[in-house]
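Below: one structure, written as structure tokens.
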Amino acid sequence: MKKIISTLSIIFSVFMFSQQKKNDSVNKIVEKQIQEVEINMKKKLIERKVDRLVFNVENSITASGSDAVEVLKKTPGVAIQGNTIGIIGKSSVSVMIDEKMVQLSGEALMNYLRATSSENIKSIEVITTPPSKYDAEGNSGIINIQLKKAKQNSWSNSTRTTYTQTSYPALSLGNTFNYNKDRYSFSIMLDAKKGNENVTERSNIEYPSYLWMSKVKRKDSKDVQSVKVSADYQISKKSSIGAIFQFYNSTPDIQETNVVNLLSRQGQGNKILSTNAETDAKNWNNSLNLHFTHDLDSLGKKFSVDLDYFKFKEDKNRLFDTQENNVLQLSAQNLGQQDINNLSAKIDFIHPAKFANYTYGAKITSTKNDSSIKFIDQTTGTPVVDPLQTDAYQYRENIQAAYFDLAKSFGEKWQVKLGARAEYTQTTSKSVTNSTEYKNDYFKIFPTFYVLRVLNGSNTINLSYSKRINRPSFWELNPFKWYFNANSYAEGNPFLQPAISHNFELTHTYKEKLFTSFFTQLKSNGFSQVPYVKDDLTQVFTRLNYYKSYAYGISQNYVFNKWSWLESNAQYNIYYIKTKIDDQYKDAVPSQSGFGFAFSLNNSFVLNKSKTISGELNYNYNAPNKGLIYKQSGSMRLDLGLRFLFLNKNLQCSISVDDILKTSNPDNTTYTNGITQTYNVYADTRRLRLSLRYNFGNKNIKGKNREIGNSDEKSRLK
């Protein structure tokens with residue numbers, strides 16, 4: 001309160017001095033005073049804006065010392081199932097970092113996000129109906145991860161370390177340095193993590209002849225190293241240029257044992273299948289962004305240009321042997337490689353005019369994906385390459401896009417925004433060994449609109465619509481077989497087609513405390529993984545375009561902050577999913593339709609007057625639900641954290657426990673070919689985390705006072 005009063009008094013002094021036309025020396029004194037004032041108002045933990053929900057990670061205690069994947073698990077409304085990130089009651093989303101699309105998905109995306117420390121994350125934005133400026137990718141919208149920025153005329157350094165205990169210990173170290181003075185800004189982020197996690201997978205399959213009861217115990221390496229360097233230079237008051245380079249390396253090695261008990265239903269005799277396997281894996285990721293911004297006039301007209309290069313490379317070497325009743329059934333080696341190169345260029349214009357505000361731009365993207373697979377049978381002791389399971393695969397994708405948005409206010413009560421994005425896509429997939437080639441070119445237009453009505457000082461209504469596309473991931477298109485054991489493997493599908501969705505949302509806001517949203521999503525040509533099982537005890541995880549779905553729901557979010565020491569945010573989602581399976585698959589894969597319910601309660605509280613001790617208690621519950629081809633059991637998660645500040649609040653110590661009750665892993669049941677299958681995966685969600693972070697720096701570097709900064713432009717990578 002004192003800082004606010006002090007700030008207001010200084011602003012009033014500036015006004016009075018300017019009115020009285022004091023001499024330049026007085027003005028310089030006031031200017032210096034203004035530069036030295038820091039407004040330090042704490043943001044809400046969770047905010048709901050017109051087109052997005054914002055989770056302010058920097059205020060979260062339980063997110064401290066973790067990574068981007070763990071932060072997403074704590075973000076209200078976000079659901080992570082396996083390696084898929086989505087929105088509760090809807091479907092998958094795309095992920096951006098600082099408004100720059102991450103060109104990865106599945107396991108590769110998860111490994112990439114694990115290299116992003118939560119200490120570098122400012123906020124998570126869940127954008128359910130993105131405007132036309134953004135890529136149309138992502139059925140249910142976009143999740144934008146905003147990283148922290150350097151303050152003007154300052155330098156700062158943050159050093160951190162975290163110890164995490166699950167089934168195995170893990171240690172992470174990191175450092176972030178920011179420098180921003182006059183025309184120059186520079187930052188470097190270094191992070192490294194070393195440790196392992198336990199993953200336990202259980203599955204029951206009710207074959208006609210046997211009851212399959214499987215248990216897989218895995219030890220997954222979580223070793224990650226990452227570097228991010230960014231630099232910006234203000235060429236003039238109107239122009240700035242900059243670059244961002246990022247590198248990450250991970251070795252997600254896996255050691256596993258798989259024991260399958262086959263209990264006979266017809267007196268054939270029980271069997272035991274046992275598999276021992278080791279997977280050596282390496283991932284590399286390099287990305288480079290060059291950006292330029294220029295103000296065309298003093299009224300807000302500007303344009304920006306971005307050039308982006310992205311490279312991802314993965315090598316896998318899997319050795320496994322399967323025994324049936326202690327007799328060797330198969331010993332083999334699976335080798336897999338994937339090399340992705342992505343190049344894009346785009347230009348964006350902001351054009352305020354008398355009639356309306358316009359934004360428009362264009363983008364071109366080129367992607368090359370080269371991958372290969374090799375299967376070597378070593379059962380006889382002599383390695384033999386299987387030509388039927390050895391192949392090289394090439395995939396090429398080119399996209400040209402253009403967009404236009406118009407935003408206009410009608411008085412103080414109405415705001416309207418209309419837009420459209422056109423994307424022309426050309427794809428070519430080719431099996432080098434088999435000399436088969438498949439081409440698919442398509443042109444799509446993706447309209448968006450927003451209408452905001454201010455009813456009075458306490459109530460507003462917002463209606464939004466967006467059409468979205470969900471293209472298959474690169475790894476989902478690879479037609480390779482990746483074996484888990486002698487009876488089970490996963491394969492991609494080069495003939496997958498993109499899915500299209502239409503998203504409607506009506507939101508009512510009351511006093512910026514109660515947010516009520518009604519949503520509808522219509523999806524066509526949907527695709528996902530289908531676990532096919534056959535009477536011969538084989539299990540194939542494949543991917544198909546096989547369904548249409550309709551989702552309807554309501555969500556409410558209430559913010560309670562009546563007391564200065566407590567802030568609570570309660571949210572629930574009630575939804576209904578109707579799934580319609582395509583005729584050619586409906587007999588083999590029956591649909592699942594039904595209601596779902598999710599509830600979350602996030603509490604942040606202060607425990608002493610000096611605000612150096614604070615806590616956080618979060619609870620999430622998901623009721624049993626149905627959707628697509630799965631029935632899911634109920635699950636819940638309880639997290640607790642405490643934070644202590646020392647040394648003038650520069651040293652932060654945090655302790656947190658996630659999934660205290662160990663109840664966040666639901667069962668998933670599906671039916672294919674009349675055979676019931678139940679799967680459960682536990683990935684060490686219960687964990688103890690101890691974190692230390694020390695901040696130091698100089699917030700008052702003397703520099704020239706200029707009106708235009710480039711901190712906002714640094715985040716405008718897309």
Side-chain angles (χ1 to χ4, degrees), residues 83 106-108 201 203 205 212 214 216 218 252-258 260 273-283 313-324 327-340 368-396 428-438 472-496 527 529-544 672-673:
N83 290 323
E107 183 181 359
E201 302 177 358
S203 62
I205 305 175
W212 169 297
S214 170
V216 179
R218 289 172 24 197
D253 299 339
I254 299 174
Q255 299 178 14
E256 68 182 79
T257 59
N258 181 358
V260 180
L273 301 178
S274 59
T275 300
N276 293 308
E278 289 188 3
T279 302
D280 294 327
K282 294 181 180 180
N283 292 336
K313 188 174 182 180
E314 179 181 57
D315 290 333
K316 283 186 176 182
N317 181 6
R318 180 175 173 84
L319 295 168
F320 71 93
D321 62 76
T322 300
Q323 296 183 351
E324 181 180 317
V327 177
L328 183 63
Q329 185 182 16
L330 176 66
S331 179
Q333 181 181 18
N334 236 165
L335 296 171
Q337 287 187 331
Q338 188 171 30
D339 191 351
I340 301 173
K368 295 181 179 180
N369 175 24
D370 295 304
S371 52
S372 62
I373 196 78
K374 181 181 287 187
F375 187 87
I376 304 172
D377 193 332
Q378 301 178 350
T379 307
T380 62
T382 302
V384 178
V385 177
D386 186 345
L388 298 178
Q389 301 187 72
T390 299
D391 197 1
Y393 177 73
Q394 296 178 347
Y395 178 79
R396 304 291 183 262
T428 302
S429 57
K430 181 180 180 180
S431 172
V432 178
T433 305
N434 298 330
S435 299
T436 58
E437 186 172 313
Y438 176 72
S473 305
F474 302 129
W475 62 274
E476 291 180 300
L477 295 166
N478 291 351
F480 302 146
K481 294 180 180 179
W482 187 257
Y483 278 82
F484 304 116
N485 56 48
N487 299 72
S488 178
Y489 63 87
E491 63 180 0
N493 181 358
F495 303 106
L496 283 179
F527 62 86
Q529 177 176 274
V530 177
Y532 268 114
V533 291
K534 303 177 183 178
D535 291 346
D536 61 358
L537 305 184
T538 57
Q539 184 183 44
V540 180
F541 296 89
T542 189
R543 283 157 180 82
L544 299 171
T672 56
N673 295 319

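- Looking at every heavy atom in both residues, Glu256 comes nearest to Val216 through OE2-CG1, 4.0 Å.
- Across every non-hydrogen atom of Gln329 and Leu273, the tightest pair is OE1-CD2, 3.9 Å.
- Rounding to the nearest 0.5 Å places CD1 of Ile376 at 6.5 Å from CD of Gln378.
- The distance from atom OG1 of Thr275 to atom CD of Glu324, rounded to the nearest 0.5 Å, is 11.0 Å.
- Looking at Thr672, its side chain does come within 3.5 Å of a backbone N or O of Pro531 through a donor-acceptor pair.
- The side-chain heavy atoms of Asn487 and Leu537, taken from C-beta on, include a pair separated by under 4.5 Å.
- Using the six-membered ring where Trp is involved, Phe474 and Tyr395 have ring planes that are tilted, between 30° and 60° apart.
- Note that CG of Leu335 is 9.5 Å distant from CG of Asp315, once rounded to the nearest 0.5 Å.
- Between Phe495 and Ser429, every side-chain heavy-atom pair lies at or beyond the 4.5 Å cut-off.
- The two residues Tyr438 and Pro494 come nearest to each other via the heavy atoms CD2-O, 4.0 Å.
- Listed by chain and residue number, nothing satisfies the side-chain hydrogen bond (donor to acceptor under 3.5 Å, both in side chains) test with Glu278 (two or more places apart in sequence, or in another chain).
- When only modelled atom types and interatomic distance are considered, Asn317 and Gln333 share a side-chain donor-acceptor pair under 3.5 Å.
- Here the CG atom belonging to Asp339 is positioned 11.0 Å from the CD atom belonging to Glu314, to the nearest 0.5 angstrom.
- Using modelled atom types, one finds no donor on one side chain facing an acceptor on the other under 3.5 Å when comparing Ser371 with Gln338.
- Every residue was checked against the side-chain hydrogen bond (donor to acceptor under 3.5 Å, both in side chains) condition with Thr257, not counting sequence neighbours, and none meets it.
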Under the salt bridge (charged side-chain N to carboxylate O under 4.0 Å, His left out) rule, what do Lys430 and Asp370 come out as? Steps first, then yes or no, please.
CA-CA 10 Å; Lys430 181 180 180 180; Asp370 295 304; over 6 Å; no
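- In terms of the ring pair (Phe, Tyr, Trp, His ring centres under 6.0 Å) criterion, residue partners of Tyr489 (sequence neighbours excluded) are, by chain and number, Tyr483.
- No side-chain heavy atom of Lys316 sits less than 4.5 Å from a side-chain heavy atom of Asn334.
- Gly336 and Ile373 get closest at one heavy-atom pair: CA-CD1, 4.0 Å.
- The backbone N or O of Ser214 lies less than 3.5 Å from no partner atom in the side chain of Asn258, so there is not a single donor-acceptor pair.
- Distance alone, capped at 3.5 Å, places no donor-acceptor pair between the Asn485 side chain and the Thr322 backbone.
- Closest of all the heavy-atom pairs between Thr379 and Leu330 is OG1-CD1, 3.4 Å.
- Here the closest heavy-atom approach between residue Arg543 and residue Glu491 is recorded as NH1-O, 3.6 Å.
- A donor-acceptor contact shorter than 3.5 Å links the side chain of Arg318 to the backbone of Phe484.
- Between the side chain of Asp253 and the main chain of Ala281, a donor-acceptor pair closer than 3.5 Å is present.
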